[in-house]
Number of protein chains: 2
Amino acid sequence: MTSTAAEPDALRPSIYDVAREAGVSHMTVSRVLNDSPQLRDETRRRILDVIEAIGYHRSEAARALSSRRSRAIGVVVDSAERDASRAALVAVQQAARGRHHSVVPFSITTNGQAGIDDAVAHLAAHRVDALCLIAPRIPTLQAITASHHDLPTVIVADTGDGCPLPSVAVDHSVGAALAARHFMDAGHHSMLHLAGPEDSVDAVSLTRSWRSVMRQSHLPAPLVVGDWSSDFGYEIGATHPGMDSVTAVFAANDRMALGLIHGLWTRGIRVPADVSVIGYDDHAGASHYLPPLTTVRQDFDALGCEAVHALLSSGEGPLEGARRRLLPRLVVRDSVAAPHPRRAPERSTSHRLAAM
Amino acid sequence: MTSTAAEPDALRPSIYDVAREAGVSHMTVSRVLNDSPQLRDETRRRILDVIEAIGYHRSEAARALSSRRSRAIGVVVDSAERDASRAALVAVQQAARGRHHSVVPFSITTNGQAGIDDAVAHLAAHRVDALCLIAPRIPTLQAITASHHDLPTVIVADTGDGCPLPSVAVDHSVGAALAARHFMDAGHHSMLHLAGPEDSVDAVSLTRSWRSVMRQSHLPAPLVVGDWSSDFGYEIGATHPGMDSVTAVFAANDRMALGLIHGLWTRGIRVPADVSVIGYDDHAGASHYLPPLTTVRQDFDALGCEAVHALLSSGEGPLEGARRRLLPRLVVRDSVAAPHPRRAPERSTSHRLAAM
DNA sequence: GCGCGTGGCACACCTCTATTT
DNA sequence: TAAATAGAGGTGTGCCACGCG
């Protein structure tokens, strides 16, 4: 039961209707709505009753217009196809609601400058009072950085030190180290990295960290650059020649890992018996892949909370360029085993992996 | 480059700033923004230039306030954890943008009436022009139906004939028939249905259709009621006693199918050699499950377009209570095979499945 | 005349209707 | 007549003034 509207062409009730009904001025109603302290309890109660009775809801539009604050956070998702960014969007949305804010979501679809312009126009029209950029690609990040708006902004991605904007992310250097350590503990020393696309901020961060770990361990760091999709993982698993010379693969997301395992399987290469695999994200379902996937878990809910917190607490905290990094966690399941001495383990077949 | 703001405490430019700069009245600017025909080309061009130059963006809040139309569609997602509803949300969002509308997303989290009240309050505050309810549970659907608001509303779910509200969905009776036919063509006649939860509108529709097909074919229709999660599928696969007497399972979504296959695997039951499986949705990744999952594909993008179309074309089309049903498609992959005569196929072990 | 509870008025930014040139 | 203007909402918020013990 929403309203007892009896009037014929009834517009939605306004604050004036409430005021009239309660026999007070609209300003008093406004104060009730804003929890102002200087009000007699009896007045407050009476007004609340009227609000309930006529089904009044404050107009966000009028509120935004008058207060010059929309209480909305613009959330732009740069790679909607990535599972991770959807999860992050939902998390941000939830966190925002907890802080009495709504979100204006926008997925960048068009490539290049046009897509960014669209996003900016949309968000500017909505006068969002903060901006959250999820899983950006590098050009998008640059464009946002360059566009000198004055909005509090947070990037949900593991940006490099060079980025002047605040960011919230899982610390991919820890993630990479976790995966590498787990492989090495199991006895692996030729590991392939199935990376995300080169224009993804997160992917380059993860790749960089992985390589750095490999370097420190004096191990080679063969690499193939993917596109996050399971189809790509499949192709690599099914056809990549370099697979022979490697005993483990670290995939930059679970979906590519899934496809990879399938692809390997078509060649008769078994996981983890022949090749071990670690994924990234801990996507829902990863625990039921065959084999259940050992993966690096990102806590998206926490990420969302942190992002919103950073945005809304920027009422003069010194969080200019703050970087918040959460710790990922290795979830050990069944896709890693000790390397199996297939063929001659050190035989250098005629493969060529992008080696740096 | 967003603005050449030189003023000190510069508010965002308003339509008046544009008008002053261009030497016209604000109304003329408004006409440009609304593509009104009666304008000299030269005037239009000049104004457009000014808009570009000072980085003007129309305020949606003011627009909504003044025109009494928010150009926003409220999208409430009832079961955020379901892959299908997320996919639908994204699709609706995209379609809405194409029609120059934004969406106000709201995920119901709290159970029961409270959750619905929250949603209604949020959407009422935003004065959305239309309402889209994705993947509702029955109580939610009832609540929305009962709440007599006047908004154009569309339900994205295969509601029964009893529902007075317009709805858009994949025709689950076709989906069920497709799956059943495929199983039967392969020679199966004892099939289990791993259903979605009993309070889900889509799940009951699918279950009902499935049972009706089984009845028509004079086959038993054993059923277990799940919760969409892969963990649930796993439990059933790993421990359900009724599994012995069945040669095929039709899961109400791919995720449960994934868990099921994993669970079966732990018992040494192989898919499709020992048991065949068909999923539902064609979730991204299903093509790389082991085995690649034969499933019933729902076209969420089309669903989103239809939903938005129904909502925005309701400018006096007779679509009161219209039902739009899209055809799902069977995607044949590798999880179905002819039934393998394990043990005595007709042996009635001591299982008891909810048999109706 | 001090404080608490209230009311008045301007303003935010656009759209629409009526009116002028 | 075609093009442009003036003015009135629509619905809140913020600031200041006012009445009452």
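Model, not experiment: these values are computed from the prediction. By convention in this document, chain letters (A, B, ...) are assigned in the order of the sequence lines, proteins followed by strands, and residues within each chain are numbered from 1.
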Quiz item: Between A/Thr43 and C/dT6, does any side-chain N or O lie under 4.0 Å from OP1 or OP2?
Solution: yes
Self-check item: Letter per nucleotide, 5' to 3', of nucleotides 14-21 of chain C [B base touched, S only sugar-phosphate touched, - untouched; heavy atoms, 4.0 Å]
Solution: BBB-----
Quiz item: Looking at residues at least two apart in the chain, or sitting in another chain, which of them share a ring-ring contact (aromatic ring centres under 6.0 Å, His included) with A/Phe300?
Solution: none
Quiz item: How many Å lie between CZ on B/Arg40 and P on D/dT5, as a whole number?
Solution: 10 Å
Practice problem: For B/Thr28 and for A/Leu65, find the nucleotide of DNA chain D with the closest heavy atom, then tell me which residue's nucleotide is more 5'. | Solution: B/Thr28
Exercise. Could you tell me which residues satisfy ring-ring contact (aromatic ring centres under 6.0 Å, His included) with B/His126, sequence neighbours excluded, listed by chain and number?
Key: B/His122
Exercise. Using whole Å, report how far CG of B/Leu39 lies from C1' of D/dT5.
Key: 13 Å
Quiz item: Where the side chain of A/Ser85 meets the backbone of A/Arg82, is there a donor-acceptor pair that is under 3.5 Å apart?
Solution: yes
Quiz item: Rounded to the nearest Å, what distance is computed from the CZ atom of residue A/Arg69 to the P atom of nucleotide D/dG12?
Solution: 17 Å
Quiz item: Out of B/Arg45, B/Arg46, B/Arg44, which residue meets the salt bridge (charged side-chain N to carboxylate O under 4.0 Å, His left out) rule with B/Glu42?
Solution: B/Arg46
Quiz prompt | Separation of D/dG12 P from B/His126 NE2 (nearest whole Å) | solution = 13 Å
Quiz item: Between A/Arg71 and A/Asp129, is the closest basic N to carboxylate O distance under 4.0 Å?
Solution: no
Quiz item: Once you round it to whole Å, what is the distance between C1' of D/dA3 and CG of B/Asp41?
Solution: 13 Å
Quiz item: Hey, does the side chain of B/Thr145 reach the backbone of B/Leu141 with a donor-acceptor pair shorter than 3.5 angstrom?
Solution: yes
